[in-house]
Protein chains: 2
Amino acid sequence: MLASLLNQVPLFTPDDVEAFLPLWKKRYTVNRGDFLIREGQVEQHLYFVESGALRLYLPTPDEDICVGFAYPNTLITSFPSLVTQTPSLYCIQALRRSELLAISKTDFDLIQEKRPVFGKFWRMELEKALVGKIEREVDLQLPDPAQRLERLLRRSPHIFQLVPKKYIASYLRMTPETLSRIM
Amino acid sequence: MLASLLNQVPLFTPDDVEAFLPLWKKRYTVNRGDFLIREGQVEQHLYFVESGALRLYLPTPDEDICVGFAYPNTLITSFPSLVTQTPSLYCIQALRRSELLAISKTDFDLIQEKRPVFGKFWRMELEKALVGKIEREVDLQLPDPAQRLERLLRRSPHIFQLVPKKYIASYLRMTPETLSRIM
DNA sequence: GCCAAACCTTGATTCAAATCAAGAATTACA
DNA sequence: TGTAATTCTTGATTTGAATCAAGGTTTGGC
């Protein structure tokens, strides 16, 4: 599953993929409600979702602020904590039973040093992620809830199959009631 | 100015800096209101601001959506267009007379191929930018305008000296009237 | 230094989304 | 499969930011 995805990356030779796969050492199975990481912990892993669905959010006194979802064939991590190796402000919680593969930061850093192609790969992933966040920034600024919904429907229609609407509402910065009324 | 900044990057040897600096070939001076790039053009440069101030925004039928500012010692570009080499959706406009240095995408890509340390440097810059955008994503979701203002004041107080409040209001997804009332 | 343009402030009013509330539907899992 | 917990929907009401409006201030450019 991860293997077939990596084989589709033009950058990688079969040898690269062979060197990479064994680094995804840990296999996690988490139940609905379980946490991959909680506020205060330092993120050590990058996760690949094989099945299930998860949410990434910032807990605040008032309410959780949902900043992302993960589902099969996507990566997830508490990125700021992973990069800076400081305690995470964010939590990652399973929305249903999920299966994940994990690579440690250490191993990931090492292979980037050893094989420049992985440095390039990661740079391209970061560029894609940044482009995504810039679009998201625009989405969040749209004053009309219906427009925000429309853009998410266009960009990630599958999310609506995978994630309870109340979390999507939070992600779209509206109440579940408002989302229900405009869907 | 750019030189002294680059010399402070621990990654770089003096030789790296010497190889890099000449690639910032073009020097632009733009007047208040001028555009570095307009919607539809394909971004070819990464810009370094020596003086002045600029805004990066998405023009829409209703209103401009402000997604960022640049000021001395910062980089700016229409990132999605630069990365994907497709027509830009965004505009970059000078808010006052500004002086910039520019490096072409071609030269920037080349030096990353030639000297791996520049690949690593860019990767780290992208990581920082992504962390920033994740924080910004949280900022934008805060329902209370005063909270959004507070977080910007904490993170980038200097912006209020450099940029007319009406653009800051847009960046904070509120009207100039609301910003005026809570400042 | 002067003038026009741009920007900011303050007040009155409107309106759309949040809140509050309660019942219906769906989902988890024992 | 049955039952409790969770999630979703719909309606009534409130509220706070947007809008509209007008006067004051700052800024840019000649």
Side-chain angles (χ1 to χ4, degrees), chain A residues 29-35 51-55 57 60-66 69 71 93-99 139-153 159-183, chain B residues 29-35 51-55 57 60-66 69 71 91 93-99 139-153 158-183:
Chain A
T29 302
V30 288
N31 290 312
R32 178 186 148 84
D34 287 355
F35 289 89
S51 70
L54 306 97
R55 72 175 171 131
Y57 69 94
T60 84
D62 310 330
E63 56 180 342
D64 296 341
I65 295 180
C66 194
F69 303 106
Y71 32 84
Q93 187 183 35
L95 298 174
R96 61 179 63 231
R97 171 177 279 262
S98 305
E99 292 176 297
D139 293 359
L140 276 173
Q141 296 220 50
L142 294 171
D144 179 6
Q147 278 180 282
R148 300 199 295 278
L149 170 60
E150 195 194 347
R151 290 193 44 147
L152 187 60
L153 275 168
I159 284 184
F160 294 81
Q161 267 37 72
L162 298 168
V163 172
K165 299 239 193 334
K166 68 168 184 168
Y167 298 115
I168 295 177
S170 161
Y171 185 72
L172 288 173
R173 111 177 140 68
M174 64 186 75
T175 59
E177 291 93 331
T178 297
L179 180 58
S180 171
R181 285 186 236 270
I182 63 180
M183 281 218 67
Chain B
T29 302
V30 289
N31 289 313
R32 179 184 148 85
D34 288 355
F35 289 89
S51 70
L54 305 98
R55 71 175 172 132
Y57 70 94
T60 84
D62 310 331
E63 55 178 343
D64 296 340
I65 293 179
C66 193
F69 302 106
Y71 31 85
C91 301
Q93 187 183 37
L95 298 175
R96 62 179 66 230
R97 170 176 280 261
S98 304
E99 293 176 296
D139 292 359
L140 277 172
Q141 296 220 49
L142 294 172
D144 179 6
Q147 278 180 282
R148 300 199 294 279
L149 169 62
E150 194 195 347
R151 290 195 40 148
L152 186 62
L153 275 168
H158 52 286
I159 283 184
F160 294 80
Q161 266 35 74
L162 299 168
V163 172
K165 299 242 194 332
K166 68 168 182 168
Y167 298 116
I168 294 177
S170 161
Y171 184 72
L172 288 173
R173 113 178 138 64
M174 65 186 76
T175 59
E177 291 93 331
T178 296
L179 179 59
S180 171
R181 284 187 237 269
I182 64 180
M183 279 219 71

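All heavy atoms count here, side chains included; hydrogens, waters and symmetry mates do not. On a predicted model such as this, the values are computed, not experimentally measured, just so you know. Every chain is numbered from 1, with letters handed out A, B, ... down the list of sequences.
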Asker: Between B/Q141 and A/R173, what is the shortest heavy-atom contact and its length?
Answerer: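 So the two residues come closest at OE1-CB, 3.9 Å.
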Asker: Between A/Q93 (CD) and D/dT6 (P), how many Å, whole number?
Answerer: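 Checked: the CD to P distance equals 12 Å.
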Asker: When you list every nucleotide of DNA chain C with an atom under 4.0 Å from a heavy atom of chain B, which one comes first 5' to 3', and which comes last?
Answerer: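 So the contact region on DNA chain C extends C/dA6 to C/dA12.
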Asker: Which distance, rounded to the nearest 0.5 Å, do you find between the CZ of A/R96 and the CG of A/N31?
Answerer: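 Rounded to the nearest 0.5 Å, the CZ-CG separation comes to 12.5 Å.
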Asker: Could you check whether A/F69 and A/Y171 have their ring centres less than 6.0 Å apart?
Answerer: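 Yes, close enough.
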Asker: Here's a test of your reading of the structure: between B/N31 and B/D144, which maps to the more 5' nucleotide of DNA chain D?
Answerer: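 Nearest nucleotide further toward 5': that of B/D144.
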Asker: Would you please classify the geometry between the A/Y57 ring and the A/F35 ring as parallel, tilted or perpendicular, with 30° and 60° separating the classes?
Answerer: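 It falls in the tilted class, 30° to 60°.
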Asker: List in numerical order all residues of residues 167-183 of chain B for which some heavy atom is under 4.0 Å away from an atom belonging to DNA chain C.
Answerer: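 Correct list: B/Y167, B/E177, B/S180, B/R181.
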Asker: How do A/P143 and B/K165 order along DNA chain C: which one's closest nucleotide is nearer the 5' end?
Answerer: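 Here B/K165 is the residue nearer the 5' end.
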Asker: For the side-chain contact (heavy atoms from CB on, under 4.5 Å) test, which of B/L149, B/L162, B/L152 pairs with B/I168?
Answerer: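 Going through the options one by one, the only one that passes is B/L152.
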Asker: To the nearest Å, how far apart are A/R96 CZ and D/dA5 C1'?
Answerer: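 Result: 16 Å.
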Asker: Which pairs of donor and acceptor atoms, one on a side chain in residues 175-183 of chain A, lie under 3.5 Å apart (sequence neighbours left out)?
Answerer:
from, atom 1, to, atom 2, distance (Å)
A/T175, OG1, A/T178, N, 3.2
A/T175, OG1, A/T178, OG1, 3.0

Asker: Quick one: is D/dT7 close enough that its OP1 or OP2 comes under 4.0 Å of any side-chain N or O from A/K166?
Answerer: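 Checking D/dT7 against A/K166, a side-chain N or O does come within under 4.0 Å of OP1 or OP2.
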Asker: Main chain of B/C66, side chain of B/R55: is a donor-acceptor contact present, judged purely on distance under 3.5 Å?
Answerer: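 Looks like no, no N/O pair under 3.5 Å.
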Asker: Got A/T29 and A/E99 here, is their nearest side-chain heavy-atom distance under 4.5 Å?
Answerer: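 Yes, their side chains come closer than 4.5 Å.
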